[in-house]
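Here the structure comes first, spelled out in structure tokens, and everything after it is commentary.
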Amino acid sequence: GLGDVYKRQLLPSRMLIIYSIIISAIVGYAIYYAFTEGNTLIRIVVIIATLLIVLPVLRMPVSINEDNDTIRIKLIVGEKVFLKKEHTITHIKTKSLFSVRLFATSVFLYWGYFWTKSIGTFYALCVDNTNLIMLTNKNDGSKIVIDSPFV
């Protein structure tokens, strides 16, 4: 009824976790190598690469709330709020959504710009590729894919 609030805790999909652990192990080895064998340039490159991988994790969605007017995504740092009246909401039923990365990361989360033949270019901020919705902005047609607030 009115005033209902849906809230869902979010956890990365198993595939994303496995992929992220492998990437983290490679990064860990690169740091170890850089500081035992590498020169200053190698160390700087490795530190920059590490930050580019680690910092996006701070944008990871941890929960999603939905009420009558808004959908709110709580991130590890910060929050994103979408007004329902400004968006068309579509459920997405495809697992291969994140195959073409335009400018994106998928370590612990799907974040950034992706492309698919069916949707075109879209922005993603989500952790689980099995239960997603797409918000299409009614003004400019921009698309963002997020975790669905509904289980």
Side-chain angles (χ1 to χ4, degrees), residues 1-32 44-151:
L2 285 173
D4 284 350
V5 174
Y6 290 93
K7 180 172 183 177
R8 191 163 80 92
Q9 296 301 320
L10 300 174
L11 289 168
S13 62
R14 183 171 292 149
M15 198 59 233
L16 196 54
I17 290 172
I18 291 167
Y19 179 74
S20 302
I21 289 169
I22 292 167
I23 296 279
S24 302
I26 292 167
V27 168
Y29 177 77
I31 292 169
Y32 169 79
I44 291 169
V45 168
V46 167
I47 288 168
I48 291 169
T50 303
L51 290 175
L52 289 175
I53 291 169
V54 172
L55 289 179
V57 175
L58 299 176
R59 304 291 294 161
M60 189 167 104
V62 286
S63 71
I64 187 159
N65 301 311
E66 195 234 6
D67 58 34
N68 292 331
D69 305 315
T70 61
I71 295 176
R72 292 173 179 276
I73 306 173
K74 291 253 186 263
L75 311 173
I76 290 177
V77 174
E79 177 179 62
K80 260 199 153 342
V81 179
F82 300 97
L83 295 176
K84 286 176 160 180
K85 65 174 187 250
E86 293 177 0
H87 296 87
T88 308
I89 300 171
T90 327
H91 277 267
I92 294 182
K93 304 226 185 310
T94 174
K95 298 251 182 138
S96 59
L97 206 56
F98 304 110
S99 52
V100 182
R101 289 172 187 77
L102 299 178
F103 185 75
T105 180
S106 45
V107 179
F108 297 107
L109 76 159
Y110 299 104
W111 180 43
Y113 289 92
F114 295 83
W115 179 89
T116 63
K117 195 182 267 184
S118 57
I119 300 174
T121 303
F122 63 93
Y123 182 78
L125 181 63
C126 52
V127 294
D128 185 1
N129 63 351
T130 57
N131 191 4
L132 298 169
I133 57 174
M134 181 170 65
L135 306 177
T136 306
N137 188 304
K138 290 176 181 171
N139 298 324
D140 63 11
S142 63
K143 300 175 183 116
I144 180 166
V145 171
I146 60 173
D147 295 280
S148 171
F150 318 107
V151 178

Decide yes or no for [X] and [Y]: does some side-chain heavy atom of the first lie under 4.5 Å from some side-chain heavy atom of the second?
X: V54; Y: V27; value: no
X: W111; Y: Y123; value: yes
X: V62; Y: L10; value: no
X: L97; Y: I119; value: yes
X: I71; Y: H87; value: no
X: K80; Y: P61; value: no
X: S13; Y: Y110; value: yes
X: I133; Y: P149; value: yes

To the nearest 0.5 Å, what is the distance between [atom1] ([X]) and [atom2] ([Y])?
X: I146; Y: I92; atom1: CD1; atom2: CD1; answer: 9.5 Å
X: E79; Y: N65; atom1: CD; atom2: CG; answer: 7.5 Å
X: L16; Y: L11; atom1: CG; atom2: CG; answer: 11.0 Å
X: I73; Y: I144; atom1: CD1; atom2: CD1; answer: 6.0 Å
X: I89; Y: E66; atom1: CD1; atom2: CD; answer: 6.5 Å
X: C126; Y: M134; atom1: SG; atom2: CE; answer: 12.5 Å

Exercise. Got more than 12 heavy atoms from elsewhere within 6.0 Å of NZ, K85?
Worked result: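 Counting neighbours around NZ of K85, 12 or fewer heavy atoms of other residues, nucleotides or ligands fall under 6.0 Å, so no.
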For this session: Please test I53 against T105 for side chain to side chain contact (heavy atoms under 4.5 Å, CB included), starting from the C-alpha separation and ending with a verdict.
Result: CA-CA 8 Å; I53 291 169; T105 180; over 6 Å; no
Exercise. What pair of heavy atoms forms the shortest contact from V81 to R72, and how long is it?
Worked result: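 Reported closest heavy-atom pair: CG2-NH1, 3.3 Å.
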For this session: Over all heavy atoms of both residues, which pair between R8 and S148 is shortest? Give the atoms and the distance, please.
Result: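 Looking at all heavy atoms of both residues, the closest pair is NE-O, 2.6 Å.
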Problem set entry | M15/N129 under side chain to side chain contact (heavy atoms under 4.5 Å, CB included): CA gap, chis, key distance, verdict | CA-CA 9 Å; M15 198 59 233; N129 63 351; 5.9 Å; no
Exercise. Mind checking whether F114 and F122 have parallel, tilted or perpendicular rings, split at 30° and 60°?
Worked result: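 Parallel: the ring planes of F114 and F122 meet at under 30°.
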[X] side chain vs [Y] backbone, donor-acceptor pair below 3.5 Å:
X: K84; Y: D67; value: yes
X: R59; Y: L125; value: no
X: D128; Y: D147; value: no

